[in-house]
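Notes to accompany the following structure.
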Amino acid sequence: MRVDVGPLGGKLLEVGVVISELIFLDFKVFPLLLLFCVTTFFSPPTLRQLCHSSHTEFSVSVWLQHEDRPSGERHDIHLPSKLFCSKCGNKTGHVTFSFKFSFCDLQKDEAFTTAFQLRFHGSQLAEDEIYQMAETCHYTAWACREIICDHNYMEVSVKRAAPDNYVLPKNPIPEKRPIDAGFRMTTITFFTPAEKVMKVIDAQRSGHGIANTPKRLVLRSPKTSPETYTQNVAGVPMLVVKTSTVFEKKWLVTRIDAAAACPIQEGSVFFTADTITWYLPRRIDPLISFGQPKLLEVYMGIDGQRLDAAEIEARWYSLTVTDTYIISVIPIGAVGGYYKSHVQDGQYHISYTVEPMIEMFWTEDATHEGTRYKVFFPITTPLLPRPPQVTDPERVFKLELGYFCPDVALVNITFPSEVLSVTECRARGINVLEHMSPNSSYKVFTLEVPFTDPVVQQTSQEGATVYSLHLVFGLVVLDDFAPFSHAAYVQATLENIVPPSVSGGCDYQNFYILVKYGTQGLNFQTAVGKQILTQSLAQQYGFAENGTHFSFVVPFFDPAVELSSIKSRLDVTLRNLETNTIIKEFSVACNFISSLTECFPNGTMTALAVKLESVPGLNPSQLTLRDPTCGPTYSDERYAYFVFTGNSCGTTRKFLPNMMMYENEISLPDELGAKRASNSEEPEYELKVSCYYDINTTYAVAFQPRQRRNEPYAENAKGQLQVAMRLALDDSYSVFHRVEDYPITKYLQQPLYFEVELLTPASPEVSVELENCWATLDQDRTSRPRWNLIINGCANPVDQYQVIFHPVWTDARVQYPSHFKRFEIKMFAFAQDQEDLSRQLFVHCDVMICDARNPLGGVCNGQCMNPDNGNKGIRLHIIKWLLFFFARCSPSNAFNVTIAPLLD
């Protein structure tokens, strides 16, 4: 192969390719990439070889340098146009070209060697220059199928199988064996999608690369080939090539199918002002044979090189895998791409080009064979207009000193107060540069001195400031070190322009704005929010002006205010009347006045859920706590107010060091949240509410002692209280049923004698009183149905067989009668159990422990003394005795009742 590209400063480039263990080669070099200006010559080229997974990349960079010619030297060189030179530049630069080889080893498909010989043809006086390039790459991780999509071609490499590799029903898929070397390719069928049969040699002549080794078949097709067709895959247009290659050996024939599909930029890439978004289908239907593919690996890269997650994040790229697409987002101007200049209709434009890579690996559940799919996808943005901007002069002196021959050097600069070398000037912020003048060999020095540097003198005049600079350039001729100097003086007068300014503040009712004119007076336009401050609007805002500034007041709920439930903001903008450019922007914001969360000592918590700008469609009245039944106490279109306790509405408690945290959250109920998420792109609303309570805290309390007015007594105290409930054999209450006596048989309306005893404390100063007793069919004291036996210490007035209270006297067993209560009921059954009398019956009692010396009312005054008074004492809510009543039918139509105590 010989490729001549030129001219290169009088030399031509020949690329001689020596291919070792290579089946086919598609090598294209574009001459336009290697055009050089003749005023330059190239230094030895930089040669680079890179091994990628399944291909080798070679890169040649030629550096160009300015050629200094002694005076009078003659050169017989063909000169290109001045326009071309202006585009190339005639100082330093480089040209790079690269190309890729796909390869297949003749024997083991593991080691690949490619060699190049680059020859630069000289002129009649110069000899040719020859450079050698060679690279050996190793690749053993072949997938069963490998597909590569590059900018101008598609390539697929598949593993070849023996002709007897077929699958019997319900048998596992056998390992594919290489085809015997005696097989040769004869024909290839392209499906476009109509069938098109060609001889292999004809397909190769038409631009297709077709090659095989004993293990693999490789097909490379140009994207512009007539044998490709376009198919829409998940809304993304893709170029598809599908083939079936026939291998023959004597009377044996076998086929190998190969297909590739590559995305097209139109329809898969979308641009915004700042980003490039590329959509690649996750399931590429033309490449799927059977069943559902399983995606195992996804990588993103640039210029053929994979990037890890840290590199992707550092470059501000993003890679997202959804059920349908693999989405890559690249900021315009990000690292990895480059800008290029363009001129369109006489206007300056730029474009940004980047070459992302997506690499996937999937298997199919039907065949369990893997496919590695790699896309090199150059993307160039549409032309972006970038008109040059003319700006006002900076506050800096810019001087140019020249022209000098190349043998003159700048040594130092003398200022009125000091002498600085070139290095010292640069370290101080005084920019000193050396340039070669355009279209000549002369040297120019430039100097930039900021007005703020101490060497610049300032003088104030009426309404202006004069900046002046005295300096002397110290130079030297290098050949004989002959020094000389040049003095200079520059001066600039700048008007003292003070721009207008805006300041302000706010309270919880109004925004207060103050605008100062500056040195140029009222020559600007004021916008409040999105509306211009007209005369009528100024009167509405209480506009006041005094010649140097003006002020106005905007109410908190004015339409110009950007309202939020947490903060409200007012924007004020000053614009130039002539150019409409912004002179000054100012914003002031006030916080929302209410606290969002309050925690009270009694465990009550309040929360204010405010509506934010990011969720304009939210209805605060629909918000709830974790318990969907706990809605807001009050709500309007801006917020919802919740009141709840630490043990309600799904509030959780968590112990932390030295404190307890009670936490709940406010959100939409699940069904409303799911419905809203499906109909809106607004974010989910969720507000966590937390209250912290100290566990161990010491407080200093001040007190002043005084003489007590009466004798103290313990109204509330802590201690151990034990109450027992028994069932007696008769009304003497001398013998009681033992635990082992149960079950006990009783008849309907047969009396049951209950005794309640306060076991501890053994003090005559306390008494026990029955408050409420009732019967249920279930062990749960709150279950239904329920029949009240005793209500507030008195028998149920609607009970046909009312409870009978028995007095208690002192005897050998009873030391303190106030510690006992005895009552009698008639055995009964609930109406719903008339047909089934085998149910259980439970009797529950609530008792009061009272101060026998100072009964304060209610049941503590005595059994059924004054049922209308409130209870004063210690109420035992959970002390109860439960009796099982098991009833059976008897011949005498009486009820056999089994009674047993339930200890709770």
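Since this is a predicted model, take the numbers as computed values, not measurements. Numbering starts at 1 and runs along the sequence shown.
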Self-check item: Heavy-atom check, side chain of Glu686 versus side chain of Glu665, under 4.5 Å
Solution: yes

Self-check item: Heavy-atom side-chain contact between Ser468 and Tyr489 under 4.5 Å
Solution: yes

Self-check item: Minimum side-chain heavy-atom gap Tyr662-Tyr692 below 4.5 Å
Solution: no

Quiz item: Can the ring centroids of Phe552 and Phe543 be said to lie less than 6.0 angstrom from one another?
Solution: no

Quiz item: Is atom NZ of Lys654 surrounded by more than 12 heavy atoms (other residues, nucleotides or ligands) closer than 6.0 Å?
Solution: no

Quiz prompt | Steps toward side-chain contact (heavy atoms from CB on, under 4.5 Å) verdict (Thr452, Val396) | solution = CA-CA 8 Å; Thr452 56; Val396 61; over 6 Å; no

Quiz item: If you measure only the distance, is there a donor-acceptor pair under 3.5 Å linking the side chains of Asn576 and Thr581?
Solution: no

Quiz item: If you count the non-hydrogen atoms of other residues, nucleotides and ligands that lie under 6.0 Å from CD in Gln535, is the total more than 12?
Solution: no

Quiz item: Would Tyr279 and Tyr325 count as a close aromatic pair, with their ring centres under 6.0 Å?
Solution: yes

Practice problem: Check whether more than 12 heavy atoms from other residues, nucleotides or ligands sit under 6.0 Å from atom CD of Glu313, and answer yes or no. | Solution: no

Quiz prompt | Pair Leu319-Ile326, side-chain contact (heavy atoms from CB on, under 4.5 Å): steps then yes or no | solution = CA-CA 7 Å; Leu319 179 65; Ile326 296 174; 3.7 Å; yes

Quiz item: Of the options His435, Lys398, Glu400, Glu434, which is the one that meets Thr446 in a side-chain hydrogen bond (donor to acceptor under 3.5 Å, both in side chains)?
Solution: His435

Practice problem: Using modelled atom types only, decide if a donor and an acceptor are shared between the side chain of Arg575 and the backbone of Asn580 within a distance under 3.5 Å. | Solution: yes

Self-check item: Polar contact flag, side-chain donor to acceptor under 3.5 angstrom, Asn523-Tyr517
Solution: no

Self-check item: pair Val561-Phe511: side-chain heavy atoms closer than 4.5 Å
Solution: yes

Quiz item: Quick check: does any side chain N or O of Glu545 sit under 3.5 Å from a backbone N or O of Gly547, one acting as donor and the other as acceptor?
Solution: yes

Practice problem: Please check if any side-chain donor atom of Ser690 sits under 3.5 Å from a side-chain acceptor atom of Glu663, or the reverse. | Solution: yes

Quiz item: Can you find a side-chain donor-acceptor pair between Thr353 and Thr380 that sits under 3.5 Å?
Solution: yes

Quiz item: Can a donor-acceptor pair be found between the side chains of Tyr541 and Gln539 at a distance below 3.5 Å?
Solution: no

Practice problem: State whether the side chain of Ser648 and the backbone N or O of Thr645 hold a donor-acceptor pair below 3.5 Å, judged by distance alone. | Solution: yes

Exercise. Can you spot which of Val588, Ile513, Ile583 makes a side-chain contact (heavy atoms from CB on, under 4.5 Å) with Val502?
Key: Ile513

Self-check item: Whether over 12 other heavy atoms sit under 6.0 Å from Asp323 CG
Solution: no

Practice problem: Output, in order, the C-alpha distance, side-chain angles, deciding distance and verdict of side-chain contact (heavy atoms from CB on, under 4.5 Å) for Thr275 and Ile332. | Solution: CA-CA 5 Å; Thr275 60; Ile332 294 178; 5.6 Å; no

Quiz item: Within the distance-only criterion (no hydrogens, no angle test), does the side chain of Glu311 pair as donor or acceptor with the backbone N or O of Asp308 below 3.5 angstrom?
Solution: yes

Practice problem: Indicate, with yes or no, if the rings of Phe473 and Phe445 have centres closer together than 6.0 Å. | Solution: no

Quiz item: Are the side chains of Phe642 and Thr606 in touch, meaning some heavy atoms are under 4.5 Å apart?
Solution: no

Exercise. Pick out which of Phe271, Tyr338, Tyr339 makes a ring pair (Phe, Tyr, Trp, His ring centres under 6.0 Å) with Tyr352.
Key: Tyr339

Quiz item: Heavy atoms, side chains only, cut-off 4.5 Å: are Arg428 and Val455 in contact?
Solution: yes

Quiz item: Would you say the side-chain atoms of Asn546 and Thr548 include a donor-acceptor pair closer than 3.5 Å?
Solution: yes

Practice problem: Say whether, by atom type as modelled, one donor and one acceptor occur between the side chain of Arg626 and the main chain of Cys649 under 3.5 angstrom. | Solution: no

Self-check item: Beyond-backbone contact of Pro356 with Val354, side-chain heavy atoms, under 4.5 angstrom
Solution: yes

Quiz item: Would you call Pro416 and Gln457 a side-chain contact if the rule is heavy atoms closer than 4.5 Å?
Solution: yes

Practice problem: For the residue pair Asp627 and Thr629, confirm or rule out a side-chain donor-acceptor distance under 3.5 Å. | Solution: yes

Practice problem: Could you verify whether a donor N or O on one side chain and an acceptor N or O on the other, from Thr423 and Ser421, lie under 3.5 Å apart? | Solution: no

Quiz item: When you check the side-chain N and O atoms of Asn664 and Thr651, is any donor under 3.5 Å from an acceptor?
Solution: yes

